[in-house]
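Scroll down for the structure; my scribbles are underneath it.
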2 protein chains.
Amino acid sequence: MEKYVPVLKRTRLFSGVTQEEISSMLTCLGARLFSYKKGEYVLRQGEHLRDIVVLVEGRVHIQRDDYWGNRSILGRIDVGEMFGEAYVAPESGVLLNDVVAVEDSTVIMFDVRRVITTCPSGCRFHSMVVQNMFFAISEKNRKLVQKLGHMSRRTTREKLISYLSEEAERHSSSAFTIPFNRQQLADFLSVDRSAMSNELCKMRDEGLLEFEKNNFRLL
Amino acid sequence: MEKYVPVLKRTRLFSGVTQEEISSMLTCLGARLFSYKKGEYVLRQGEHLRDIVVLVEGRVHIQRDDYWGNRSILGRIDVGEMFGEAYVAPESGVLLNDVVAVEDSTVIMFDVRRVITTCPSGCRFHSMVVQNMFFAISEKNRKLVQKLGHMSRRTTREKLISYLSEEAERHSSSAFTIPFNRQQLADFLSVDRSAMSNELCKMRDEGLLEFEKNNFRLL
DNA sequence: ACAAAGCGGTTGTATTTACAACAGAAAAGA
DNA sequence: TCTTTTCTGTTGTAAATACAACCGCTTTGT
């Protein structure tokens with residue numbers, strides 16, 4: 001677990017905390033390490049979760065397959081980001097989504113109750129972690145709203161423009177690489193893959209953008 | 001402001017805190033009272049927000065009008081619920097949505113920094129408020145994901161079923177009243193009003209549900 | 001009481017999407 | 001290297017949607 005302390009230091013959750021301090025907090029926070037192969041489920045719909053999970057290696061998707069087999073990708077988690085924070089409340093019930101490794105991945109799970117409750121003894125920087133946790137969870141909140149903004153667009157084209165514009169802004173560049181292949185992007189925007197592929201090519205032909213594989217450039 | 005202490009007591013934020021304790025915390029938390037007439041803006045897109053806002057009277061909508069005039073209702077806030085918690089982080093930037101009173105409404109604003117930082121002197125129950133805040137913000141998170149679930153449905157009918165099913169479950173009854181008129185419901189689900197109205201009537205004719213005004217019953 | 005505004009339902013048409021099926025290119029695996 | 005699988009783009013058709021326009025009813029405000 002010590003191996004990943006440098007990764008943890010760069011996360012939002014441990015922002016402003018030194019590696020030594022993180023090391024000494026691991027036990028206090030009930031940290032446990034788990035690894036998953038590509039395609040494996042980290043968490044499953046219906047399970048109970050009593051942990052905050054930080055991804056320290058790989059990439060996972062938060063997704064859900066409905067009754068008819070339609071897959072929705074609700075979000076992607078990159079190294080250093082966390083998930084499960086929506087279930088910190090005792091009465092929050094079971095997980096509504098699956099979490100799946102899209103690459104070989106490693107996570108560290110922290111006991112929720114130990115994270116949000118400052119312990120009386122030691123752990124001088126625990127209160128900073130509590131505050132970081134606030135900021136992280138509220139940032140996640142804004143991201144969800146942003147995604148709702150994409151989803152509330154009526155047409156596939158509008159959804160694409162909404163999403164790609166955000167990515168361009170996030171990268172501070174009109175050229176960027178997206179972390180999805182076509183099927184995943186379609187699942188993320190909740191549209192049909194072939195229809196989206198079609199629309200993408202139309203937009204390219206109209207001179208709105210260029211792309212090659214996952215590399216895009218808005219014009 | 002004292003007038004609303006009983007209302008605050010029943011909110012998620014002050015769960016487990018007595019009225020006397022709330023009264024004594026108001027100053028500590030930098031509470032301020034504001035009232036709005038139906039239709040007035042509580043907050044506007046582009047503004048900076050440094051407060052947690054609790055609705056103590058009326059009802060407000062979190063919404064956004066895009067470049068073309070399409071309105072999206074991202075969420076509704078009822079008495080006792082809070083909003084603005086997505087902007088607690090110092091670097092969270094400006095508001096991305098409008099907050100509009102859909103009835104005459106009254107809110108109490110609390111200084112963010114004072115809420116999430118326990119003060120060294122007095123305020124014995126402040127730490128409980130911090131924990132409540134965690135639970136509330138994480139619950140909001142789940143709600144957003146739930147809404148994403150509705151939005152990710154492909155057709156108007158599926159969106160309606162997804163939304164109405166959730167409402168039925170929330171009310172623990174197949175009969176319930178929704179807090180939207182037709183136009184608002186359409187804005188909430190990001191579909192065309194007339195198309196939705198049409199679909200709703202089709203579903204009624206097929207015997208899937210009954211409705212009269214805002215009262216629905218699933219069959 | 002009356003006029004004006006808002007609400008809910010209906011219809012027709014042009015547009016857009018979902019779905020299925022297929023083909024070539026690229027990637028993965030044996 | 002060869003085979004298999006995955007990925008991406010393309011096309012055609014049936015289905016669903018957006019949009020505009022209209023009507024009757026209810027609510028609001030004067």
By a strict heavy-atom criterion of less than 4.0 Å, which residues belonging to residues 209-219 of chain A are in contact with DNA chain C? A/K213

Polar contact flag, side-chain donor to acceptor under 3.5 angstrom, B/T177-B/N214: no

5' to 3' contact window, DNA chain C with chain A (heavy-atom distance under 4.0 Å): C/dT16 to C/dA27

Going by the rule side-chain hydrogen bond (donor to acceptor under 3.5 Å, both in side chains), which residues pair with B/D187 if we only count those two or more places apart in sequence or in a different chain? B/Q183

Nearest-nucleotide check on DNA chain D, B/S194 vs A/D205; residue mapping nearer the 5' end is A/D205

Interatomic distance, A/I108 atom CD1 to A/R32 atom CZ [nearest 0.5 angstrom]: 11.0 Å

Can you tell if the side chain of B/L74 reaches within under 4.5 Å of the side chain of B/L144, non-hydrogen atoms only? no

Check: A/R154 main-chain N/O paired with A/E158 side-chain donor or acceptor under 3.5 Å: yes

Taking the nucleotide of DNA chain C with the closest heavy atom to each, which residue, A/R193 or A/R154, is nearer the 5' end? A/R154

Toward the 5' end of DNA chain D, which comes first, A/Q183 or A/T155, by nearest nucleotide? A/Q183

Below 30° counts as parallel, above 60° as perpendicular, anything between as tilted: where do the rings of A/F176 and A/F216 land? parallel

Taking the six-membered ring of A/F188 (Phe, Tyr or Trp), confirm whether the NZ or CZ of A/K159 is under 6.0 Å from its centre and within 45° of its axis. no

When you list every nucleotide of DNA chain D with an atom under 4.0 Å from a heavy atom of chain B, which one comes first 5' to 3', and which comes last? D/dA16 to D/dT27

Let me test you: for the helix from C/dA1-D/dT30 to C/dA30-D/dT1, what is the angle between the axes at its two ends (five pairs each), rounded to 10 degrees? 60°

Do the side-chain N and O atoms of B/E2 and B/S23 include a donor-acceptor pair separated by under 3.5 angstrom? yes

Closest approach of B/I22 and B/K9, non-hydrogen atoms and distance? CD1-CA, 3.5 Å

Would you indicate what A/N181 reaches in the nucleic acid, counting non-hydrogen atoms under 4.0 angstrom: base, sugar-phosphate, or nothing? sugar-phosphate

Parallel, tilted or perpendicular: rings of B/Y163 and B/F180 (30°, 60°): tilted

Can you list everything that forms a side-chain hydrogen bond (donor to acceptor under 3.5 Å, both in side chains) with B/H61? Sequence neighbours excluded, please. none

Compare all side-chain heavy atoms of A/E85 with those of A/I52 and state whether any distance is below 4.5 angstrom. yes

For A/E91 and B/R12, what are the C-alpha separation, side-chain angles and deciding distance, and is it a salt bridge (charged side-chain N to carboxylate O under 4.0 Å, His left out)? CA-CA 12 Å; A/E91 75 276 21; B/R12 181 95 211 222; 2.4 Å; yes

